[in-house]
Amino acid sequence: MAKATETVLEIDLRALEHNYLYLKGRLPPETQFLGVVKAFAYGSDSVTIAKKLEALGTDYLAVAYVREGVVLRDAGIRTPILVLHPLPVSFDEMIERCLEPSLYCPKILKKFLEAAKSQAQTAYPVHLKFNTGLNRLGFADKDMDYLAEQLNGRKELKVASILSHLAASEDFNERAFTRNQIKAFEKISLEIHKKLRARPFRHLLNTSGIINYPEAQYDMVRSGIGLYGFGNDAKIDKQLRPVVTLKTVISQIHSIAPGESIGYNRAFVTQSPRVTATLPIGHADGIGRQYGNGKTFVTIQGKKATIIGNVCMDMIMVDITDIDCQEGDEVIVFGGNHTADGFAKNASTISYELLTGISQRVKRIILNE
Ligand SMILES: *Cc1c(COP(=O)(O)O)cnc(C)c1O
């Protein structure tokens, strides 16, 4: 593959396929798979990823907001799309684009029902989300009678599925809490069967849930980070392949005498002679200020080059004193041995934040289409 001559995010569709097949391999064949492609498919390229997942046979896709789903429909994606956090302002558009809402409280249900009525819908698929302990979105147990009253005999809507979301599926110290969430979800399912006289399909697990709680895979699972190559667990990470690699290039090299400073606010002052490289990537590209001042490194000629001084909007400076390199050489920001997960952890954050923050200014290059 060609060496980077500017800042690029490479998206490897063969790695995506590998991860999809790996995750599918952890499920019984009849269990459905939902690929989460919210936030530009975790910062990569939602249309490219959704098309590939559709070709691989994913049963569902999910986005967080309606606008994200509209982009996929405009690109010709026909797979069912679940919208995890729909807001009433976009309910009409949702119905026009066949996007399926996750309904999470009485007010949202009422508003969606009004939209479905006004557009003369019958059996429009909706998904009911229950709060089992995350305390973020979801109906409460006490809403069950309200749901029965609103939905029984209702021709406009059809409850396609019920779902909940785990708060700590990757955390072994929270196994008791997670098991209680699973129990609560079981109880909700039974009540739904009784009160709605329906058997909507069920889904609870995200990536770490798939791995750590196979007994709760139910009818479908929802995977995001795993598809992109991270399993929140070193053992699983070995089985997965990171889909994106962020690369850039050395634009200028400086030899700096002791006692000089580097970058804004003179955050780094040299004690000894240093050689630095300036790279065309900064916080406007998604490398936030938390990665500056020695917290992490990029890789040049296979060697670590620490980010020194403050991260600028469009640039960072790295220490290349002990690296034999030149202006124009390729730089791996993350990918290969220094994964997005490691890069993020160096600055006390998580791969999810680093990946989804890669800005739209960065050119995307699709590999292995
Ligand atoms: C984002 C999200 C997921 C995907 O989680 P991963 O940890 O990335 O697999 C699943 N379900 C819901 C409700 C989400 O918001």
Side-chain angles (χ1 to χ4, degrees), residues 1 9-64 68 72 77 79-82 84 165-166 169-170 203-214 216-217 220-247 332-345 350-358 364-369:
M1 133 204 1
L9 188 74
E10 290 177 353
I11 303 171
D12 181 355
L13 295 183
R14 202 173 291 150
L16 179 71
E17 177 165 358
H18 168 87
N19 299 336
Y20 174 82
L21 294 174
Y22 173 80
L23 292 161
K24 284 282 283 182
R26 300 196 65 121
L27 309 173
E30 66 278 10
T31 303
Q32 296 196 71
F33 190 93
L34 176 151
V36 181
V37 294
K38 62 193 180 190
F40 301 101
Y42 288 45
S44 58
D45 179 325
S46 65
V47 168
T48 301
I49 300 289
K51 281 190 173 160
K52 181 71 182 181
L53 291 173
E54 187 168 76
L56 287 167
T58 191
D59 299 284
Y60 257 87
L61 294 167
V63 293
E68 300 177 299
L72 299 181
I77 298 290
T79 301
I81 298 174
L82 174 63
L84 295 165
H165 193 36
L166 298 177
S169 58
E170 75 281 22
H203 45 118
L204 175 65
L205 303 181
N206 67 339
T207 300
S208 291
I210 295 170
I211 289 151
N212 298 327
Y213 300 92
Q217 289 170 346
M220 185 165 83
V221 297
R222 307 183 300 267
S223 179
I225 200 75
L227 286 173
Y228 307 103
F230 299 99
N232 301 320
D233 176 325
K235 272 209 299 288
I236 303 302
D237 285 351
K238 282 209 186 77
Q239 308 290 320
L240 298 169
R241 294 195 199 142
V243 167
V244 300
T245 301
L246 183 61
K247 294 181 171 177
I332 312 290
V333 181
F334 60 72
N337 290 333
H338 193 210
T339 65
D341 193 52
F343 192 96
K345 279 189 178 133
I350 55 174
S351 57
Y352 296 77
E353 185 189 36
L354 176 62
L355 293 172
T356 59
I358 302 305
R364 269 68 176 165
I365 294 182
I366 315 300
L367 305 179
N368 299 314
E369 233 166 320

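Note that the numbering runs from 1 along the sequence shown for the chain. What you are looking at is a predicted structure, and each value in this text was computed from that prediction instead of being measured.
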Note: P242 and A15 closest approach over all heavy atoms is O-CB, 3.7 Å
Around Y60, counting heavy atoms of other residues, nucleotides and ligands shown, do more than 12 lie under 6.0 Å from its OH? yes
Distance col, row I49:CD1 vs L227:CG, nearest 0.5 angstrom, shows 8.5 Å
Hey, mind stepping through L56 and E17 against side chain to side chain contact (heavy atoms under 4.5 Å, CB included) and telling me if it holds? CA-CA 7 Å; L56 287 167; E17 177 165 358; 3.7 Å; yes
Side chains of E170 and D233, heavy atoms from C-beta outward: is any pair under 4.5 Å?
no
Of all heavy-atom pairs linking V244 and F334, the shortest is CG2-CE1, 4.1 Å
Can we say K38 and E68 salt-bridge, meaning some charged N sits less than 4.0 Å from an Asp/Glu carboxylate O? no
message: Between T58 (side chain only) and F33 (backbone N and O only), is there a donor and an acceptor less than 3.5 Å apart?
response: yes
Separation between CG (L204) and CZ (R222), nearest 0.5 Å, reads 6.5 Å
Residues V37 and L72: closest non-hydrogen pair is CG2-CD1, 3.8 Å
Residues S351 and A344: closest non-hydrogen pair is N-CB, 3.7 Å
Under the side chain to side chain contact (heavy atoms under 4.5 Å, CB included) criterion, do L355 and I225 qualify, and how do the steps go?
CA-CA 10 Å; L355 293 172; I225 200 75; 4.1 Å; yes
Backbone N/O of Q239 and side chain of H18: donor-acceptor pair under 3.5 Å | yes
Is a side-chain donor or acceptor of D237 paired with a backbone partner of G231 at a separation under 3.5 angstrom? yes
Exercise. V47 versus I77: any side-chain heavy-atom pair under 4.5 Å?
Worked result: no
Given the options L16, I366, I11, K52 meets side-chain contact (heavy atoms from CB on, under 4.5 Å) only with L16
Set out, in order, the CA-CA distance, both residues' side-chain angles and the distance that settles side chain to side chain contact (heavy atoms under 4.5 Å, CB included) for H203 and L82, then state yes or no.
CA-CA 12 Å; H203 45 118; L82 174 63; 4.0 Å; yes
_Heavy-atom donor-acceptor pair, R364 side chain to S44 backbone, under 3.5 Å_ = yes
message: Is there a side chain to side chain contact (heavy atoms under 4.5 Å, CB included) between L205 and N212? Walk through the geometry before answering.
response: CA-CA 9 Å; L205 303 181; N212 298 327; over 6 Å; no
Heavy-atom closest pair (S169 atom, Y213 atom, distance to 0.1 Å) is O-CE1, 3.7 Å
>> Has E10 got a side-chain atom pairing as donor or acceptor with L367's backbone, closer than 3.5 angstrom?
In response: no
Which of I365, I332, L9 passes side-chain contact (heavy atoms from CB on, under 4.5 Å) with K247? It is I332
Here the pair of heavy atoms bringing S223 nearest to L23 is OG-CD1, 3.4 Å
To the nearest 0.5 Å, atom NZ of K24 lies from atom CD of Q32 at 8.5 Å
* Asked: Does D341 use its side chain to pair, donor to acceptor, with the backbone of N232 at less than 3.5 Å?
  -> no
Residues passing the side chain to side chain contact (heavy atoms under 4.5 Å, CB included) test with R26, sequence neighbours excluded, are Y22, I210, I211, I236
Rounded to the nearest 0.5 Å, the CG atom of L240 sits from the NZ atom of K235 at a distance of 13.0 Å
CG (L354) and CZ (F230) are apart, to the nearest 0.5 Å, by 8.5 Å
Taken to the nearest 0.5 Å, the spacing of Y20 OH from L13 CG works out to 14.5 Å
